[in-house]
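Note that the structure is a prediction, hence the values are computed from the model and not measured. Every chain is numbered from 1 and lettered A, B, ... according to where its sequence line falls, protein lines coming before strand lines.
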Protein chains: 2
Amino acid sequence: MEYDDLASMKVSCVNMVSRMSETKDHPYHHGDLRRTLIDTALAMLAADQNWTFTLREVARRTGVSHAAPYKHFRDREELLRELARIGFVRLGKAMTEAMCPDLPSTRAHFMAAAQACIEFACQNPGLYRLMFSSDADKTIDPQLHDAAKSTFGILLDLLERGQRDGSFRPVAVSAMAAASWAQVHGLAMLAINGQLLDEKVGPAPVPAALDVLLDGMCCTD
Amino acid sequence: MEYDDLASMKVSCVNMVSRMSETKDHPYHHGDLRRTLIDTALAMLAADQNWTFTLREVARRTGVSHAAPYKHFRDREELLRELARIGFVRLGKAMTEAMCPDLPSTRAHFMAAAQACIEFACQNPGLYRLMFSSDADKTIDPQLHDAAKSTFGILLDLLERGQRDGSFRPVAVSAMAAASWAQVHGLAMLAINGQLLDEKVGPAPVPAALDVLLDGMCCTD
DNA sequence: CACATAAGTTTCTCCTGTAAACATGGAGGG
DNA sequence: CCCTCCATGTTTACAGGAGAAACTTATGTG
């Protein structure tokens, strides 16, 4: 399992020692239960796209008692918020990687990042839904809030850059940011819910819809 | 309480007679429990914006036993779907009413309908969230599916009309429809979650963002 | 080595959804 | 006019989940 930030990596390393005694079947101390719970939950989230989250189920699959998670998370929602935070980190990574430097234009960069976000949502529907659900209350957890803001910042930077190099119109960045974020997130949600396939939308609705938006933002009419 | 469709009105009228004997405190037969349960649930949804839906709580506030709702709904989700359906009907009504005929342009009509949708979401955040949550599975209930499609159709009609009268560019309607729906829904969700107020978005982000999209759809550059 | 403490477990209470069995009262047939 | 059926209630029961409290076990430190 990969690690998405330094904090969890540190936790893991600290507990490396106690993991040495895992020769017995059921070591009383798990070693890195916090991390394992998160990984298990992420795996279950990936398996069932619309899964009703249950702390006890996570504990069961992890092989610990149902009360064990409470030693690492205040309540069920704290785990959910941590999962959402990891989701935002991963989404940000996916979007950043999509913006390959040898793409011809800022518009192409935008398109790539947007499509990366929507692909991420389609490949991790459960996680994506969680990230934007009210279960992951961003007003409570500053770390989650920061992660979300940081991912949103990728888009902001791109817009500002595009405006400086003359690709985007000199509209208020805030307006373009709201429009872009809403468009991408809206398309992602529609794609997840399968509402872009069966109805009267064309074969490649995502890039087509993004082009409509980009036509309103770009200078190259 | 208003009625949103003919079916429920008929049910109410049929049960009008049995309601006559409501002089006693607890008439065994409620008279119109189905309708009352729905109204109570809608009221609770309006009161607490992020409320964890509970059938027993609805029954409690309605003043009946916790098992009574099962005489009218197969399970909890059937009630949720009915609530969502009513939500779509109301949303459609709000959007239709917003498109006042004396507005100058098709663009103005679009703007009015979009803002009506977002206002509806802000005034009924709980209901709106339910309408687009996985709890209201549109693949199960054809009535819910139809209601959602009908509301979506308002947008489609507007786009087609605008294309015929030369207001909108001759792009594929499907692309514009996907973009519009995503934009409006995305803005609504962001507005509900309060992510359009505190960050780096301007004072009137909704019309500004919609203008960005409309600039990409309209012919009047 | 003793022991404080972190990290497990068991047990308990309260809540939910849902099924099954029971009760009631209004409507329609004899 | 009464009797009986059925829709619509109620009570009771059960399986699960969240979370608190009390108990247990390793582990690292004075």
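In this structure, CG of B:Leu37 is placed 12 Å from C1' of D:dG9, rounded to the nearest angstrom. Whole-Å rounding puts the A:Lys71 NZ to D:dA26 C1' distance at 14 Å. In this structure, B:His72 places its NE2 atom 17 Å from C1' of C:dG17, rounding to the nearest Å.
The distance from atom CZ of A:Arg85 to atom CG of A:Leu130, rounded to the nearest 0.5 Å, is 12.5 Å. The OG1 atom of A:Thr96 lies 9.5 Å from the NZ atom of A:Lys93; values are rounded to the nearest 0.5 Å.
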Under-3.5 Å N/O pairs linking protein and nucleotides 17-20 of chain D:
residue, atom, partner, partner atom, Å
D:dG17, OP1, A:Arg60, NH2, 3.4
D:dG17, OP2, A:Arg60, NH2, 2.7
D:dA18, OP1, A:Leu55, N, 3.1
D:dA18, OP2, A:Leu55, N, 3.3
D:dA18, OP2, A:Arg56, N, 3.2
D:dA18, N7, A:Arg56, NH1, 2.4
D:dG19, OP2, A:Tyr70, OH, 3.4
D:dG19, OP2, A:Arg76, N, 3.0
D:dG19, O6, A:His66, NE2, 3.4

List the atom pairs, with distances to 0.1 Å, where a side-chain N or O of residues 55-62 of chain A and a protein N or O form a donor-acceptor pair under 3.5 Å, not counting sequence neighbours.
residue, atom, partner, partner atom, Å
A:Arg56, NH2, A:His66, NE2, 3.4
A:Glu57, OE1, A:Arg60, NH1, 2.6
A:Glu57, OE2, A:Arg61, NE, 3.0
A:Glu57, OE2, A:Arg61, NH2, 3.1
A:Thr62, OG1, A:Thr40, OG1, 3.3
A:Thr62, OG1, A:Val58, O, 2.6

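Of all the heavy atoms in B:Val206 and B:Ile118, the pair that sits closest is CG1-CD1, 3.5 Å. Closest of all the heavy-atom pairs between B:Ser180 and B:Leu213 is CA-CD2, 4.0 Å. Heavy-atom minimum distance, A:Phe73 versus A:Glu78: CA-OE2, 3.7 Å.
Taking five base pairs at each end of the helix from C:dC1-D:dG30 to C:dG30-D:dC1 and finding the rotation axis that steps the C1' atoms of four pairs onto the next four gives two axes whose angle is 10°, to the nearest 10°.
Taking the six-membered ring for Trp and thresholds of 30 and 60 degrees, A:Trp181 and A:His185 have nearly parallel ring planes, at less than 30 degrees apart.
Look at A:Asp39 and A:Arg35 and you find a salt bridge, because one of the NZ, NE, NH1 or NH2 atoms lies within 4.0 Å of a carboxylate O, short of that distance.
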